[in-house]
K.L.:
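Below: one structure in structure tokens.
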Protein chains: 2
Amino acid sequence: MSDSELFVAHVPGIQYGVLDSLVGYAVRRAQIRMYETFIMAMEPWGITPPRFSAMVIVSLNPGLKLTQLAKIMGIARSGAVILVDALEELGYMQRLPAPEDRRAFSLALTEKGKADLVKITAAVQAQDKAVTQMLDSKEQADLHRLLLKLSDAAI
Amino acid sequence: MSDSELFVAHVPGIQYGVLDSLVGYAVRRAQIRMYETFIMAMEPWGITPPRFSAMVIVSLNPGLKLTQLAKIMGIARSGAVILVDALEELGYMQRLPAPEDRRAFSLALTEKGKADLVKITAAVQAQDKAVTQMLDSKEQADLHRLLLKLSDAAI
DNA sequence: TATTGTTATACTCTATAACTATA
DNA sequence: TATAGTTATAGAGTATAACAATA
């Protein structure tokens, strides 16, 4: 962000024209806001959105290999290596030998990773709730449902 | 994206846990989808989301200076230089001397920029409509309204 | 002194491609 | 031959900081 100033969605006196009518532009602005607040909420742990996703997925699907994690997250294998390296350095994830394949690793959270994930998840949920608090319950549910409908649609 | 494969929101057999309950995660996935289709739709013109925003804003607010554009778009001044450089190289934007300030430039679209922006805008609107087509009219309006409410809220 | 545009530099994220060790 | 993980490398995108010209 420029000069440490926060992003202003609409600068007074400026015409935004067609941008204001695009769902895609609104999605992008919402994403910027969500990302900013996520990073602030995760500051104590050094967790980014992809790191959080990786921790949750490995936690619930123990024994995943790096290639599987990459496919699930939609990133390149080399990206998964860097992601796991970072989580290993934070003491949250470990590469265990895969019993049936000496080329591969079984990914798992460390005990510290499991313990901190509980607190991290609570903080993420609180942040998600805080950002959406200006919507009433029905609006929150509608927004969530419509976003899922948008991105889960067949391509 | 990994190995030229498209992002799959839910890989069969994988547990996503709390991720599926977060509005922020849904926003991110919707944004990935919107971005992918935007880039595909803009392939004939080499236009990215920030380039499109810059063209629209300069088109509707002619005479803007680089520093103003940077502030409006929420990027650093150095980023605006690179953005304008790219649009100038595409033949879409020009730096005109600012009449009242010899340090600054007045940004404006070229004739080619104005002409192509009409077609580009039509393609962007078609893409936005295509991605949201699985929502009915009311759902589209609701989604747009709720996204704006989310990102326009006071921080 | 402050501001405008620019440049130099660096950091993050992510991709492709080549490599090694296994399968 | 194909696959798992790794490494090297490169390309966006964006940031900070310093600079010359001008205000």
Side-chain angles (χ1 to χ4, degrees), chain A residues 1-7 28 31-32 35-36 38-39 42-43 46-54 58 63-90 93-108, chain B residues 1-7 28 31-32 35-36 38-39 42-43 46-54 58 63-90 93-108:
Chain A
M1 186 64 55
S2 168
D3 302 321
S4 302
E5 292 168 27
L6 284 170
F7 176 62
R28 174 65 181 142
Q31 204 270 324
I32 288 173
Y35 184 82
E36 286 175 349
F38 188 99
I39 294 297
M42 291 297 100
E43 196 272 332
I47 289 295
T48 61
R51 288 177 189 177
F52 178 67
S53 298
V58 168
L64 281 179
K65 295 169 189 167
L66 271 145
T67 300
Q68 293 175 298
L69 180 63
K71 185 188 173 78
I72 292 166
M73 298 193 58
I75 61 178
R77 281 176 299 154
S78 59
V81 171
I82 293 168
L83 190 55
V84 172
D85 282 350
L87 289 170
E88 223 171 35
E89 204 160 317
L90 288 168
M93 196 173 285
Q94 53 190 329
R95 289 166 162 97
L96 300 174
E100 80 295 348
D101 188 341
R102 283 190 297 162
R103 294 171 303 180
F105 293 113
S106 265
L107 296 174
Chain B
M1 187 62 55
S2 168
D3 301 322
S4 300
E5 292 168 26
L6 283 171
F7 176 62
R28 175 63 181 143
Q31 203 270 324
I32 289 173
Y35 183 82
E36 286 175 350
F38 188 100
I39 294 298
M42 291 297 101
E43 197 271 333
I47 289 295
T48 60
R51 289 178 188 176
F52 178 66
S53 298
V58 168
L64 281 179
K65 294 168 191 168
L66 271 145
T67 299
Q68 294 175 298
L69 179 63
K71 186 187 173 75
I72 292 166
M73 297 194 61
I75 61 178
R77 281 177 299 155
S78 58
V81 171
I82 293 168
L83 189 55
V84 171
D85 283 349
L87 289 170
E88 222 171 37
E89 205 159 314
L90 288 169
M93 195 173 285
Q94 53 191 329
R95 290 167 163 95
L96 301 174
E100 80 294 349
D101 188 340
R102 283 190 297 161
R103 293 172 303 181
F105 293 112
S106 265
L107 296 174

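Chain letters run A, B, ... following the sequence lines, proteins first, then strands; residues in each count from 1.
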K.L.:
Any salt bridge linking E89(B) with R51(B)? Criterion: basic side-chain nitrogen under 4.0 Å from a carboxylate oxygen.
P.N.:
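Looking at R51(B) together with E89(B), the answer is no, because their closest N to O distance does not fall below 4.0 Å.
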K.L.:
From the set dT4(C), dT16(C), dT7(C), return the single nucleotide nearest to any side-chain atom of V81(B).
P.N.:
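For the V81(B) side chain, the nearest candidate turns out to be dT7(C).
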K.L.:
Provide a list of protein-nucleic acid N or O atom pairs under 3.5 angstrom, restricted to nucleotides 19-23 of chain D.
P.N.:
from, atom 1, to, atom 2, distance (Å)
dA23(D), OP1, R102(B), N, 3.0
dA23(D), OP2, R102(B), NH2, 3.4

K.L.:
Separation of R95(A) atom CZ from dA4(D) atom P, in whole Å?
P.N.:
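Distance check: R95(A) CZ to dA4(D) P gives 15 Å.
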K.L.:
Taking all heavy atoms of S106(A) and all of G63(A), pick out the closest pair and write down the distance.
P.N.:
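The pair with the smallest heavy-atom distance is OG-O, 3.6 Å.
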K.L.:
Quick test: give all pairs of protein nitrogen or oxygen and nucleotides 8-13 of chain D nitrogen or oxygen below 3.5 Å, distance rounded to 0.1 Å.
P.N.:
none

K.L.:
Provide, to the nearest angstrom, the distance between the CD1 atom belonging to I75(A) and the P atom belonging to dC13(C).
P.N.:
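Interatomic distance, CD1 of I75(A) to P of dC13(C): 11 Å.
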K.L.:
Residues two or more places apart in sequence or in another chain: which of them pass salt bridge (charged side-chain N to carboxylate O under 4.0 Å, His left out) with R95(B)?
P.N.:
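For R95(B), the residues satisfying salt bridge (charged side-chain N to carboxylate O under 4.0 Å, His left out) (neighbours in sequence not counted) are D85(B), E88(B).
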K.L.:
Which pair of non-hydrogen atoms, one from T48(A) and one from F38(A), has the smallest distance, and what is that distance?
P.N.:
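Smallest interatomic distance, heavy atoms only, reads C-CE2, 3.5 Å.
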K.L.:
Decide yes or no on side chain to side chain contact (heavy atoms under 4.5 Å, CB included) for F7(B) and E36(B), but give the supporting numbers first.
P.N.:
CA-CA 10 Å; F7(B) 176 62; E36(B) 286 175 350; 4.1 Å; yes
K.L.:
Before you tell me yes or no, could you show the steps for L64(A) and I72(A) under side chain to side chain contact (heavy atoms under 4.5 Å, CB included), namely the whole-Å CA-CA distance, both residues' side-chain angles and the distance that decides it to 0.1 Å?
P.N.:
CA-CA 10 Å; L64(A) 281 179; I72(A) 292 166; 3.8 Å; yes
K.L.:
Between F105(A) and L96(A), is a side chain to side chain contact (heavy atoms under 4.5 Å, CB included) present by the stated rule, with each step listed?
P.N.:
CA-CA 5 Å; F105(A) 293 113; L96(A) 300 174; over 6 Å; no
K.L.:
Provide the closest heavy-atom pair for L69(A) versus L107(A) in the form atom of the first, atom of the second, distance.
P.N.:
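Closest approach of L69(A) to L107(A): CD2-CD1, 3.8 Å.
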K.L.:
Is a donor on one side and an acceptor on the other found under 3.5 Å between the side chain of R77(A) and the backbone of Q68(A)?
P.N.:
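No, the answer is negative, given that no donor and acceptor are paired below the 3.5 Å cut-off.
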K.L.:
Check the distance between dC13(C)'s P and M73(A)'s CE and give it to me in whole angstrom.
P.N.:
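Atom CE in M73(A) sits about 12 Å away from atom P in dC13(C).
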K.L.:
Can you measure L69(A) atom CG to dT6(D) atom P for me and round it to whole angstrom units?
P.N.:
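Distance check: L69(A) CG to dT6(D) P gives 12 Å.
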K.L.:
Mind calculating the distance between CZ (R28(B)) and P (dC13(C)) to the nearest angstrom?
P.N.:
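Going from CZ in R28(B) over to P in dC13(C) covers 11 Å.
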K.L.:
Find the distance E88(B):CD to dG5(C):P and express it as a whole number of Å.
P.N.:
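Distance, rounded to whole Å: 13 Å.
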K.L.:
Over how many whole Å does the gap from L107(A) atom CG to dA4(D) atom C1' extend?
P.N.:
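Roughly 12 Å, once rounded to whole Å.
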K.L.:
Please report the distance, rounded to the nearest Å, between CG in L83(B) and P in dT14(D).
P.N.:
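Result: 8 Å.
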